[in-house]
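What follows is one structure encoded as structure tokens, with my remarks underneath.
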Amino acid sequence: MSGPSGCGKGTIVKALLEKYPDQFALSVSATTRAPRPGEENGVHYHFISGEEFERRIAEDEILEYTTYCGNYYGTPKKELYERTAAGINVILEIEVEGAMNVRRLCPEAVLIFVLPPDPETLEARLRGRGTNTEEDIKNRLLTAKREIAVMKDYDYVVINEDGGAEIAAKEIAGIIFAEQHKIERCPEAAKAFIG
Ligand code: 5GP
């Protein structure tokens with residue numbers, strides 16, 4: 001799942017996990033960036049050093065990784081595979097380059113792009129956070145433009161209206177539940193009947 005900063009991914013994921021706690025889980029990425037106030041190690045990210053991150057890459061413990069604003073971000077393999085083996089839908093909240101790598105490495109992954117309803121709403125949400133400088137807002141809007149240009153390579157798009165996180169979460173669940181019923185994902189279903 002990707003979407004520009006300010007599209008409301010975090011709120012949607014929260015709503016999704018609350019509504020379907022047994023079917024969905026969030027992948028906790030490893031990063032070398034410093035925790036923000038309120039962020040907990042092991043909950044929001046695994047906060048690790050650059051040295052430790054590079055060790056994990058070398059040991060093949062990271063499925064995909066990228067550098068973003070000078071820091072490493074990556075998806076730990078072990079947690080992901082343990083959960084998918086248990087039948088849980090694991091959500092990777094990652095930027096577009098990482099998503100394209102996941103597409104290549106895990107062709108069974110479903111790629112969902114979250115969009116705000118319109119550019120004005122995106123800008124208003126970024127400004128509404130109050131924690132970003134003018135330069136930061138301009139940067140994020142530019143990055144958003146670049147990210148949205150990659151959306152055509154995703155499988156689905158979900159629009160997150162103002163106050164619409166619960167609806168968006170339901171739409172995402174609907175996409176995943178439908179995907180689970182695709183014939184190619186159930187190769188054994190007919191076997192007992194037709195041999
Ligand atoms: P932030 O520093 O705001 O938490 O995250 C910065 C960007 O890194 C966001 O676009 C987020 O989705 C992305 N990101 C977080 N974890 C990963 C990861 O494991 N892999 C990749 N490729 N991107 C990630």
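Both counts, for ligands and for their atoms, begin at 1 and track the order of listing.
Aromatic ring pairs are classed by plane angle as parallel below 30°, tilted from 30° to 60° and perpendicular above 60°; the pair Tyr65 and Phe53 is perpendicular.
Residues of the protein with a heavy atom under 4.0 Å from ligand 1 are Ser29, Arg33, Arg36, Tyr45, Glu64, Thr66, Tyr68, Tyr73, Gly74, Thr75, Glu93, Ile94, Glu95, Gly98, listed by chain and number.
In the hydrophobic clustering of ILVMFWY residues, with side-chain heavy atoms under 4.5 Å counting as a link, Tyr154 and Ile148 come out together. Hydrophobic clustering (ILVMFWY, side-chain heavy atoms < 4.5 Å, transitive): Ile91 and Val114 are in one cluster.
Salt bridge Glu166/Lys170: absent, no basic N to carboxylate O contact under 4.0 Å.
Counting all heavy atoms, side chain and backbone alike, Ser27 lies closest to Arg83 at CA-NH1, 4.0 Å. Of all the heavy atoms in Cys7 and Asn160, the pair that sits closest is O-ND2, 2.8 Å.
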